[in-house]
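Notes follow the structure.
Being a predicted model, the structure only gives us computed values, none of them experimental.
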Amino acid sequence: MGNKRCPDTATSGFYNKLSFGWMNNVVKTARAGEVDVHELPLPTPQTADVAYEEFQVNWESAVKEGRPNLRKVLWRTFGRDLMVAGLFKLVWSVCVISGAFFFIRSLLQFVNNEGWAAGTRNGWILTAAFFVDAWLLGIMLQRMGYGCMTVGIRIRAALCNAVCKKCFNMATINKDMAADAVSFMASDISKIFDGCQEIHYLWTAPIEAGAILTILAVLVKVYALPGWGVICIVLPCQYAFGWKIIQNKVKNSKNTQARGGMIQEILPAMKLVKYYAWEQFFEQEIAKIRKREMKLHWKNANIKTINITMVFGTPPMTACVIFAAYEMMVGRLAATLAFTTLSLFNILRFPLVVLPKALRALSEALASIARIEEFLLEEVPTDAEGISRSNRVGVKISNAQFKHHGKDNFTLNVPEFSVRSGELVAVVGRVGAGKSSLFHAILGNMQPLSGAAECGGKVSFVPQNPWCQNLTLRDNICFGLPMDEERYSRVIHDCALELDLQILPKGDQSKAGLRGINLSGGQRQRLN
């Protein structure tokens with residue numbers, strides 16, 4: 001949205017990117033007053049149109065090669081930035097484990113005045129190293145989160161554009177495809193975004209758990225075996241629980257789609273439902289579907305409860321077993337060994353918590369990618385197939401027959417119809433004669449059966465049901481085009497909107513659409 005793009009220099013520079021210094025001016029402006037969306041810095045590679053163009057080039061190449069795989073195309077387009085974010089996550093894992101083992105152990109040695117850490121000089125060195133480690137922890141985690149979020153936003157923008165463009169190019173769209181498109185935009189693409197945020201926890205969690213257990217084996221030697229045994233049991237259980245939750249969610253998605261489709265049909269026809277007293281019937285049907293949904297939700301809630309109990313109960317129980325065995329077989333447990341082991345077990349809790357969540361998020365993302373891929377590859381008739389394009393401005397149809405795609409119960413017969421440049425033509429007829437179908441045929445939304453039909457020049461179509469975006473009146477009128485004051489004023493005059501804009505408190509900056517002001521049918525039609 002909008003017609004201006006902030007220069008890339010606003011967010012360029014190593015320190016500027018590292019510290020998010022480019023946000024300082026935005027925050028300062030926001031405190032002084034309202035910040036317009038055009039004033040927010042956005043690098044060119046992160047804009048929706050650029051992200052879609054990069055994706056579309058790779059997708060078209062894969063389609064031409066005959067091996068279209070949406071997952072591979074997304075990786076080829078955005079995988080490099082995702083790998084950089086994974087590198088930051090790996091550095092974070094190294095810093096957090098080294099901080100728990102080396103620095104805490106060294107700090108205890110300094111306090112007890114023993115080992116290499118004894119002495120004031122070594123204490124200052126240890127303090128500085130502690131500071132650097134903590135600083136790196138924050139920076140690496142922040143860069144990893146920022147990188148994953150940036151990739152997720154670009155993927156979301158590219159897929160939203162791809163789904164919308166496919167829908168806009170369709171000659172016709174049935175209820176099922178419309179419901180699928182709404183589901184993609186509202187749910188599936190968001191799941192892919194969530195999968196991008198969690199993907200690096202999936203492969204680093206086992207590495208972190210293995211590294212922690214290896215360090216424990218170095219510290220307490222054979223007495224670390226109980227810890228290894230518990231983790232070898234818990235980790236497979238984590239994967240099993242995550243997989244079971246995914247299976248239940250996949251089963252539940254059918255129930256959710258069925259319930260959403262039914263509600264989508266009921267709401268527009270609510271008057272008929274009330275007139276014929278069908279409320280109880282539809283309520284029972286929706287309740288049946290909802291009951292199946294809640295049953296699977298209940299199963300998933302129990303699995304999650306068991307999983308969380310295991311995650312938070314395993315580390316202290318394992319530490320207790322290790323310490324007891326060490327006390328009985330070796331002797332007195334030293335403070336350096338005890339606190340270092342406890343800190344490692346506290347860190348061990350993190351990979352155990354994030355692993356099932358990451359597995360669930362990534363699996364849902366892969367399932368969503370498969371559904372969107374099936375939609376993008378589905379062969380559907382487009383507007384270009386409905387009518388021939390001509391260099392001559394106007395419309396000419398001779399002895400033509402048309403029918404709606406997928407419907408054989410109606411055929412539009414057009415013996416002769418023509419519109420030349422500069423003509424004003426009105427189509428008059430009784431109800432059901434095919435007036436609206438004629439316009440759909442001109443737009444290319446109907447399948448030609450015979451005859452000749454061609455259309456040339458630019459075509460604008462004003463539907464019977466006006467549609468307004470959830471934007472300002474000005475953005476609705478400009479519709480993404482650059483602002484031209486002279487043309488804008490002419491359009492306002494031609495659509496008789498001058499008086500309406502004078503009445504509104506904010507003029508053309510008033511919000512339209514579902515979340516905006518309540519416009520009358522005539523105002524919405526003239527705005528549209």
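A salt bridge links Arg154 and Glu54; the closest N-O separation between the charged side-chain nitrogens and carboxylate oxygens is under 4.0 Å. Ion pair Glu285/Lys288 flagged as a salt bridge, since at least one NZ, NE, NH1 or NH2 atom sits closer than 4.0 Å to an Asp/Glu carboxylate oxygen. A salt bridge is defined here as a Lys NZ or Arg NE, NH1 or NH2 lying under 4.0 Å from an Asp or Glu carboxylate O, and Glu416 with Lys396 meets this definition.
A 4.5 Å side-chain heavy-atom check between Arg143 and Ile139 finds at least one atom pair inside the cut-off. Proximity of Leu136 to Trp92: side-chain heavy atoms (C-beta onward) are nowhere separated by under 4.5 Å. Pro448 places none of its side-chain heavy atoms less than 4.5 Å from the side chain of Gln401. Here the side chains of Arg474 and Tyr488 are in contact, with some heavy-atom distance below 4.5 Å. Counting heavy atoms from C-beta on, the side chains of Ile266 and Ile286 come closer than 4.5 Å. By the 4.5 Å heavy-atom criterion applied to side chains, Tyr146 and Gln142 are counted as neighbours. In this structure, the side chains of Met446 and Leu412 come closer than 4.5 Å at one or more pairs of heavy atoms. Considering only heavy atoms from C-beta on, Arg490 comes within 4.5 Å of Glu486 through its side chain.
Remark: the backbone N or O of Arg290 is not paired with any side-chain donor or acceptor of Lys295 at under 3.5 angstrom. Proximity of a side-chain donor or acceptor of Thr256 to a complementary backbone N or O of Asn252 within less than 3.5 Å is detected. Under the 3.5 Å distance criterion, the side-chain polar atoms of Lys89 are left unmatched by any main-chain donor or acceptor of Val84. Not one N or O on the side chain of Glu60 forms a donor-acceptor pair closer than 3.5 Å with the backbone of Val57. Between the side chain of Glu454 and the backbone N or O of Ile397, no donor-acceptor pair lies under 3.5 Å.
Other residues, nucleotides and ligands place more than 12 heavy atoms under 6.0 Å from the NZ atom of Lys191. The environment of Met262 atom CE is dense: over 12 non-hydrogen atoms of other residues, nucleotides or ligands sit within 6.0 angstrom. Counting heavy atoms of neighbouring residues, nucleotides and ligands inside a 6.0 Å radius, atom CH2 of Trp298 does not exceed 12 of them. Residue Gln509 places its CD atom among more than 12 non-hydrogen atoms of other residues, nucleotides or ligands, all under 6.0 Å distant. Heavy atoms of other residues, nucleotides or ligands lying less than 6.0 angstrom from NZ of Lys166 number more than 12.
Ring orientation note: the planes of Phe282 and Trp278 are nearly perpendicular, at an angle over 60° on the 30°/60° scale. Ring geometry for Phe55 versus Trp59: interplanar angle under 30°, hence parallel rather than tilted (30 to 60°).
Phe184 does not carry Arg371 over the face of its six-membered ring by the limits of under 6.0 Å from the centre and within 45° of the normal.
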- Would you check, one step at a time, whether the test side-chain contact (heavy atoms from CB on, under 4.5 Å) holds for Phe402 with Asn413? CA-CA 7 Å; Phe402 300 89; Asn413 297 298; over 6 Å; no
- Task: Step by step, work out the side-chain contact (heavy atoms from CB on, under 4.5 Å) result for Arg292 and Leu296.
- Result: CA-CA 7 Å; Arg292 295 198 298 266; Leu296 291 172; 6.0 Å; no
- Task: Given side-chain contact (heavy atoms from CB on, under 4.5 Å), test Leu497 with Asp500 step by step and report yes or no.
- Result: CA-CA 5 Å; Leu497 285 170; Asp500 300 283; 4.0 Å; yes
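With no hydrogens or angles considered, no side-chain donor-acceptor pair links Lys403 and Thr411 at under 3.5 Å. Neither side chain, Glu293 nor Asn255, offers a donor N or O lying under 3.5 Å from an acceptor on the other. For the 3.5 Å distance criterion, the side chains of Thr472 and Asp475 qualify, holding a donor opposite an acceptor. For the residue pair Glu498/Gln502, the side-chain donor-acceptor check at 3.5 Å is not satisfied.
Summarising the geometry of His200 relative to Cys148, their closest heavy-atom pair is CD2-SG, 3.4 Å, with the distance given to 0.1 Å. The two atoms that bring Ala158 and Tyr52 nearest to each other are O-CD1, 3.6 Å, heavy atoms only. Taking every heavy atom of both residues into account, Glu373 and Leu70 meet most closely at OE1-N, 3.2 Å. Closest approach of Ala365 to Gly195, counting heavy atoms only: CB-CA, 4.0 Å. Nearest heavy-atom pair across Ala48 and Asn161 is O-ND2, 3.5 Å.
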